Amino acid sequence: MAQRLIVIGGDAAGMSAASQARRRRDRGDLEIIVFERGHFTSYSACGIPYWISGLVPGPEALIARTPETFRTEYAMDVRMRHEVTAIDLERREVVARDLKGAGEVRERFDDLMYATGAVPVKPPWAITDAGGVFGMQTLDDGAALRDWLDADPQPRRAVVVGGGYIGVEIAEALIQRGLSVTLVEAGEQPMSTVDSDMGELVAEAMRGLGITIRGSLPVTGLEERDGRVSAVVTAEGPIPTDVVVMGLGVRPNTALAEAAGLPLGPTGAIRVDRRMRVPGHPGVWAAGDCVETLHRVSGLPVHVPLGTHANKQGRVAGINIGGGYATFTGVIGTAVTKVCDLEVGRTGLRERDATAAGFEFVSVIAESTNRAGYYPGARPMTVKLIAERPSGRLLGAQIVGWSEAAKRIDSLAVALWNGMTVDDMTQLDLGYAPPYAPVWDPVLIAARKAVDALAALDR
Ligand SMILES: Cc1cc2nc3c(=O)[nH]c(=O)nc-3n(C[C@H](O)[C@H](O)[C@H](O)COP(=O)(O)OP(=O)(O)OC[C@H]3O[C@@H](n4cnc5c(N)ncnc54)[C@H](O)[C@@H]3O)c2cc1C
C-alpha cells in the first residue's frame, strides 16, 4: 500500500516539499494530499506590492503552479478552500474543514508536512468588523485590498501602520496608485531591518516621494463611520484615512502545531533539525515562515520569514521525505528591497544584534557611487560594514543607494558566509568598468575603511 504524505499549506514551503517528494517517489509509492485554505497554490506573496501598484498584472501572473497543474502533472490530491483544524499525532490524522460548506474530513498520514506560514501581527485594537483594514500575507489579502481600492467610493487616503519592508513596499504601491499615504511607525523611523543611520536614508527617500512619515507614534485604535474605517487613533490625535494596511510584521502560524503538542523554540516558531524534521515526532516535518532556524553568525535561533528560506527549506524537507538526504544549515539574514528607485540591502548582524550576541565590533560607513563618478547615471551609494574586534571578521553589512546597490549585498553575503575578514575583503577581485562601479568598488572602499578603523583601535 502507498504511504501517504499530508501537506498543510499550499504555498512556497508546502509545495516545494510536495514537489520534491513526488520527484523521488511516484504515486504508487507515495500518495500526496495537500490542504490549502486559500484560493491559490504556489503563489508569490513577494509580488503583491507590485500587483497592488499595477506594475505587474495579477493574481494569475503571481502564480507559479495552479492546483490543476499539481493534480494533473504531479499526481497530487490538492484540496483548495480546506482548512486543517486539528492534528491528532497519536492517531496520525488531520481534521480539515471544507470552507465551501461541505463539512469536515479526517485523513490519516504517514508523513506530515506542516507549512502554514505566518500570520500578520494584529494588535487587539486592529480587530474590527469595519471595512478597509487589511493585513498583507497571502494573495487573498492582496485581492481584498485591490477590491477595496477599486470599489466606490474610491479611497483617497491611506495609512500604513508599521514600517517594516512590507509596510514600506505597500506604502510605495499606494502612492503610485495616487493615494495620499501616511506611514505611522512606533519606532523612530521605518526600515528597522537596517541600523537607524541607514534607515534615515530610506526615510528621506520616502519623504521625497510624498509619503508622510510619522515616527515614534504608536497607533492605539481605529475609528469607523458607517462600517468603514475612518481614522487611526494616536497620542497626537486621529489620522483620517479611507484604508489601513497593517505592516506590523508577522508571527509564525503555529496554533495547530501548539495544540497538537509540537515543540516551539525560543522565538515562538516551530523547532526543526537540519533535515526539517520536528524533533521527537518521527514523520513530522515543518518548513517556511512557521519554523525557526539557526543564525550562522550569532549562533542563535531566529525567525526570519522570507520566501527564499521557505523555498529552500521546503525543498530540503521534500528531498528527505522522498528518501534522499538534504540539510538546511541556517541563515545569515540577507534581504533586499526598494522604495521606488532607492535600493536597500542587508546581510548578517545589525549593530544591535551584534551587541546582543556579545560581539565587540567596529562599524564604518563609506560613501561612494554606483558607477564611475563621470559616467552618466552615477548616484550615491552608502555601504556600512560591521566587523568583529580584534579579528576583523565581517559580522554584518548594509547598503543603501540607487541602481546596482541592493544586489551588491550578495558579494558581502558570500564573504560573510565564508567567514572572511575585512582585511581579506580588500583583496577581492570584483568586477570594474565605469558603467558598473568606480575603480574602487564601494564594497572595497568600505572594507578598507573598516581595516583602518580596526587598526586605529587595536594598534
Ligand atoms: C507583501 C509581501 C512581500 C514579500 N516580499 C518578499 C521578498 O521580497 N523576498 C522574500 O524572500 N520574501 C518575501 N515575502 C515573504 C514570503 O512571501 C514568505 O516568506 C513565504 O511566502 C513563506 O512561505 P510559506 O510557504 O512558509 O508560507 P505562506 O506563503 O504564508 O503559505 C502558507 C499557506 O498555508 C495556508 N494555511 C495556513 N494555515 C492553514 C490551515 N490551517 N489549513 C490549510 N491551509 C493553511 C495559507 O493559506 C498559505 O497559503 C513577502 C511576503 C509578503 C506578504
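As a basis for the values below, the full set of heavy atoms in this structure was taken, side chains included, without hydrogen atoms, waters or symmetry mates. We count ligands from 1, going down the list as the structure has it; atoms in each ligand are counted the same way. If you're wondering where the values come from, they're calculated on a predicted model, not measured in any experiment.
Considering all non-hydrogen atoms of both residues, Cys290 and Ala287 come closest at SG-O, 3.4 Å. Of all heavy-atom pairs spanning Thr329 and Leu294, the tightest one is O-CD2, 4.0 Å. The heavy-atom pair separating Val400 from Ala405 by the smallest distance is C-CB, 4.4 Å. Nearest heavy-atom pair, Leu89 versus Ala260, reported as atom, atom and distance to 0.1 Å: CD1-O, 3.4 Å. When all heavy atoms of Gly348 and Arg346 are compared, the closest pair comes out as O-NH2, 2.7 Å.
Remark: Asp77 does not engage Arg27 in a salt bridge, criterion side-chain N to carboxylate O under 4.0 Å. Using a 4.0 Å cut-off between charged side-chain N and carboxylate O, Arg4 and Glu107 make a salt bridge. Salt-bridge formation is detected for the pair Arg408/Asp441: a Lys NZ or Arg NE/NH1/NH2 atom is positioned less than 4.0 Å from an Asp or Glu carboxylate oxygen. No salt bridge links Lys407 with Glu343; every basic N to acidic carboxylate O contact stays at or beyond 4.0 Å. Residues Asp273 and Arg275 are not paired through a salt bridge, judged by the lack of any N-O separation under 4.0 Å between the basic side chain and the carboxylate. Using a 4.0 Å cut-off between a side-chain N of Lys or Arg and a carboxylate O of Asp or Glu, Arg207 and Glu200 qualify as a salt bridge.
Remark: ligand 1 atoms within the under-4.0 Å shell around heavy atoms of Pro305 are 15 (C), 19 (O). Close contacts between ligand 1 and Ala310 involve ligand atoms 22 (C), 23 (O), 26 (O) [criterion: under 4.0 Å to a heavy atom]. Set against the non-hydrogen atoms of His82, the atoms of ligand 1 under 4.0 Å away are 42 (N), 43 (C). For ligand 1, the atoms closer than 4.0 angstrom to any heavy atom of Asn253 are 37 (C), 38 (N). Under a 4.0 Å criterion applied to the non-hydrogen atoms of Leu256, ligand 1 contributes the atoms 41 (N). The ligand atoms of ligand 1 that sit less than 4.0 angstrom from a heavy atom of Ile166 are 1 (C), 2 (C), 51 (C), 52 (C), 53 (C). Taking every heavy atom of Ala12 and a limit of under 4.0 angstrom, the matching atoms of ligand 1 come to 23 (O), 25 (O). The contact set between ligand 1 and Ala115, taken as ligand atoms under 4.0 Å from a residue heavy atom, comprises 32 (C), 33 (C), 34 (O).
Phe328 and His309 have perpendicular rings, their planes meeting at more than 60° on a 0 to 90° scale where under 30° would count as parallel. Taking the six-membered ring for Trp and thresholds of 30 and 60 degrees, Phe40 and Tyr43 have ring planes more than 60 degrees apart, a perpendicular arrangement.
An N or O contact shorter than 3.5 Å links Glu36 to ligand 1 by distance. Residue Ala13 has at least one N or O atom closer than 3.5 Å to an N or O atom of ligand 1. At least one N or O atom of Asp11 sits closer than 3.5 Å to an N or O atom of ligand 1.
Nearest protein heavy-atom neighbour of atom 48 (C) of ligand 1: Tyr43 OH, 3.4 Å. At the shortest separation from atom 44 (N) of ligand 1 among protein heavy atoms lies Arg37 N, 3.1 Å. Among protein heavy atoms, the minimum distance from atom 12 (N) of ligand 1 is reached at Gly307 N, 2.9 Å. The protein non-hydrogen atom at the shortest distance from atom 27 (O) of ligand 1 is Gly117 CA, 3.2 Å. Given atom 37 (C) of ligand 1, the protein heavy atom at minimum distance is Thr116 O, 3.4 Å. In terms of protein heavy atoms, atom 50 (C) of ligand 1 is closest to Tyr165 OH, 3.3 Å. Closest to atom 34 (O) of ligand 1 among all protein heavy atoms lies Gly9 CA, 3.2 Å. Protein heavy atom in closest approach to atom 41 (N) of ligand 1: Val84 O, 3.0 Å.
For Thr337, no heavy-atom contact with ligand 1 is shorter than 4.0 Å. Here Trp51 has no heavy atoms under 4.0 Å from ligand 1, in either its backbone or its side chain. Contacts with ligand 1 closer than 4.0 Å are made by heavy atoms of both the backbone and the side chain of Cys46.
Contact between Phe40 and ligand 1 is absent, with no heavy atom of the residue lying under 4.0 Å from the ligand.
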Exercise for review: Mind running side chain to side chain contact (heavy atoms under 4.5 Å, CB included) on Val168 and Ile211 for me, showing each step along the way?
Suggested key: CA-CA 10 Å; Val168 166; Ile211 297 171; over 6 Å; no
